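Just so it is clear, the model here is predicted, and its values are computed rather than measured. Along the sequence shown, the residues carry numbers beginning at 1.
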Amino acid sequence: MLEKFIFVFLLFFYCSVRAQSETDIQLAQHYYLNGEFSKALVYYEKLYSADQSKVYFSRYLDCLKNTGDIKGAEKLFKKHVASNPSDLALKVQFYFFYKENEETDKAKKIKNEVLKLEFFDPKEIQDLLSNLLSIDEFDWAKDVVNKAKKNLSFYPYELWLGQIYLAEGETLKALDQYLMALSKKPDLKEQIQLEIGGLFDFSTDSEEIKAVKSSFLSASQKDPSNAVYSEMLIWFFLQSKNFSAAYQQVSALEKRMKGEGAYLIEFGNTCLENQEYSYAKKAFKEVISSDLSMKFDAKRYLLAVYFTEISTDRTYTDGELKEVIQEYESALKEPGMSLKSNVDISLEYAEILGFYANQAEKAKAKLDRVIQLPGLTDMQKARIKMKLADVNVAMDSIWEASLLYMQIDEAFKFEPIGNEAKYKNARIFYFDGEFEYAQSQLDVLKQSTSKFISNDAMQLSLLILENYGLDSNYEAMSSYAKSELFLLQRRYAEAFQQMDSISIKFPQSVLNDDLLYLKGKAYAQQGAWEEASNYYQKVIGTYPTELLADDALFQLATIQQIHFKDETAAMESYLKLIDNYPSSIYIDETRLQIRRLRGDALPD
């Protein structure tokens, strides 16, 4: 019975103390947040006596300082420092307290005590430097680094000096320190590139950028055997968009390192991403002509440049096109080619033949042979069928194409390739004037998990609804659909004739904005970028509230960015799209392009 009484008593006592403590905390916070520091002081003194945590120490200290009790604050600091002798951040805080109160000798004493310490832990040093830089103690921070480097001679302490110089605003001195750090730890390259990338505007030819270039060259010349400095110099030239100088450095580095071709291939792919096709081709061709061990990879990448140049840039002569076709045919004869490479190259080859070289029959014959290859997976067969169907559309065999699209749709109902086939088949019926059936298929596709297919389906569905479903203007809509089919078949003269006939027969048609957009698309398809941009601007200026206004603005921005290489105009167009059309399907891609134009780091 006595034990039970004692237990109940202790429990009651504990609960009472806990309740009182919680009340003290609440009152302390209340007075502190209201700026009633003299009242809060009573509670924080009591709380700190029971629990010397950082929170209570900080609040107690603030109350003492705000009530003018500097001596009390000093006494508290001494007590807390004595209880936490290894807390360097606290000592820096105590130093700053003395400095604020103009007690120079006492502040200097703390500083000397810290400098007498031996430093071995890089994390401890980094934390100390962060605290020192936060109060602009640059010289003290340098003294710490100079003391620490005696014990950490193999550590890239130059990074710390770089941080200090950056805090002082000495960016060029910081750069030199970062470059020195690379001699000890080359794998810091990407980290340092990220750091440097945000410091300088490489798009200018300012005196500062000339000094940056000089630093890179000097580092490379001092340690020519260290590949990392050549890599940094190449990176600098790429940031400055000086692809010619970058190529020279890459070529020299590949030779000096007696490499397998990896440096040239990496450079070539960077050029491809930046639409610098001539330098991409030079890099890949050098790997091939030098007979380096990665020449087979280089051949594949070279074809990728040709394909991208033709399908994206769309500016080429008949002679250049003939040369590319020969390159593809030569590659397809390479012995030992994997089945996957054979399929991938054949699909590109067929697209070039069918849609750019006016050789659809030859493309179809090639695909008919490829689909008979033994060992193909179901997905590979579906991809070949898809290209075969596309070629059939180009040949005006649209119902043969429809049959192939339906086969893919049936076999891959829940896969993106199945959705793509369903969309393309719906488009066949749209071309043929079967708008109700096309719409029924598009309604299914609008729920597609594939954003690309869903967006395309949505656009075609809205086109039908706006221009046929509501107005029942079958003749105008049929002519418009026929125009789109002619464009797909690269029959441009007939397409323009068809579009002009709509404008003549139906001058008040709601298709007028669509016709302008389609003409822009037709010129873009031929690589006539100036004419394409003019039509897109007409859509934006004349029909800013219509469905295709954001499409036209996005296409205009893309032309400005990629083909005109006018980054300022492109940025303006992208920002206008975000401001004027915040619900556009292009918003995500627009934000990505804005980040790319600003030079932000992008996710892989």
Check whether Gln439 reaches the backbone of Ser461 with its side chain - one donor and one acceptor, N or O, closer than 3.5 Å. yes
Would the distance check show the side chain of Lys184 and the main-chain N or O of Pro156 forming a donor-acceptor pair, the cut-off being under 3.5 Å? no
Applying ring-ring contact (aromatic ring centres under 6.0 Å, His included) to Tyr574 and not counting sequence neighbours gives none
Is the distance between the ring centroids of Phe57 and Phe77 under 6.0 Å? yes
Exam field: side chain Gln275 to backbone Glu273, donor-acceptor pair closer than 3.5 Å: yes
More than 12 heavy atoms of other groups within 6.0 Å of Glu260 CD: no
Does Lys65 NZ have over 12 foreign heavy atoms under 6.0 Å away? yes
Working to the nearest 0.5 Å, report the span between CG of Leu238 and SG of Cys271. 6.5 Å
Taking the six-membered ring for Trp, is the centroid-to-centroid distance between Phe243 and Phe237 below 6.0 Å? no
Using 0.5 Å steps for rounding, measure from the CG atom of Leu548 to the CD1 atom of Ile540. 11.0 Å
Check step by step if side chain to side chain donor-acceptor pair (under 3.5 Å) holds for Gln193 and Gln239. CA-CA 10 Å; Gln193 286 174 351; Gln239 296 304 301; over 6 Å; no
Under 3.5 Å, is there a donor-acceptor pair between the side chain of Ser58 and the main chain of Lys54? no
Separation of Gln163 CD from Phe138 CZ (nearest 0.5 Å): 12.5 Å
NZ (Lys185) with more than 12 external heavy atoms under 6.0 Å: no
Looking just at side-chain N and O atoms, do Asp62 and Tyr32 make a donor-acceptor pair shorter than 3.5 Å? yes
Looking only at the side chains, is there a donor atom on one of Gln29 and Tyr43 sitting less than 3.5 Å from an acceptor on the other? no
Check: Ser183 main-chain N/O paired with Tyr229 side-chain donor or acceptor under 3.5 Å: yes
Contacts under 3.5 angstrom, residues 217-225 side chains, donor-acceptor by atom type, not counting sequence neighbours:
unit_1 : atom_1 : unit_2 : atom_2 : d
Asp223 : OD1    : Ser225 : OG     : 3.3
Asp223 : OD2    : Asn226 : ND2    : 3.4

Lys91 vs Glu113, test: salt bridge (charged side-chain N to carboxylate O under 4.0 Å, His left out). Steps then yes/no. CA-CA 9 Å; Lys91 289 181 179 179; Glu113 286 175 1; 5.3 Å; no
Keeping Lys39 on the side-chain end and His30 on the backbone end, is there a donor-acceptor pair under 3.5 Å? no
With a 6.0 Å cut-off on the ring centroids, do Tyr98 and Phe94 count as close? yes
For the atom pair OH (Tyr56) and CG (Asp51), what is the distance rounded to the nearest 0.5 Å? 6.0 Å
Run the salt-bridge test on Glu168 and Lys142 with the 4.0 Å N-O cut-off and return the result as yes or no. yes
Decide, yes or no, whether a salt bridge links Lys576 with Glu572 under the criterion of side-chain N to carboxylate O below 4.0 Å. no
Lys/Arg N to Asp/Glu carboxylate O, Lys123 vs Asp127, below 4.0 Å: yes
Of all the heavy-atom pairs spanning Glu208 and Thr171, show the shortest one and how long it is. OE2-OG1, 3.4 Å
Are more than 12 heavy atoms, taken from residues, nucleotides or ligands other than Glu266, located less than 6.0 Å from that residue's CD atom? no
Return yes if some donor-acceptor pair links the side-chain N/O of Ser49 with the main-chain N/O of Glu45 below 3.5 Å, else return no. yes
Donor-acceptor check, side chain of Asn84 to backbone of Asp87, threshold 3.5 angstrom: yes or no? no
Taking the side chain from Lys173 and the backbone from Leu161, do they hold a donor-acceptor pair closer than 3.5 Å? no
Mind checking whether Tyr517 and Tyr536 have ring centres under 6.0 Å apart? yes
Among residues at least two apart in sequence or on other chains, which ones pass ring-ring contact (aromatic ring centres under 6.0 Å, His included) with Tyr279? none
Atom pair NZ/CG of Lys46 and Leu27 - distance to nearest 0.5 Å: 9.5 Å
Neighbour count above 12 (heavy atom, 6.0 Å) for Phe154 CZ: no
More than 12 non-hydrogen atoms from neighbouring residues, nucleotides or ligands closer than 6.0 Å to NZ on Lys109, yes or no? no
Member of Tyr165, Tyr155, Phe119, Tyr178 meeting the ring-ring contact (aromatic ring centres under 6.0 Å, His included) criterion with Trp160: Tyr155
Closer than 3.5 angstrom, by distance alone: can the side chain of Thr67 be matched with the main-chain N or O of Leu64 as a donor-acceptor pair? yes
Would you say Lys108 has more than 12 foreign heavy atoms packed within less than 6.0 Å of its NZ? no
Below 30° counts as parallel, above 60° as perpendicular, anything between as tilted: where do the rings of Tyr586 and Phe554 land? parallel
How about Asp201: does its CG atom have over 12 heavy atoms from other parts shown lying under 6.0 Å from it? yes
Indicate whether any N or O donor in one side chain lies under 3.5 Å from an N or O acceptor in the other, for Gln191 and Glu195. no
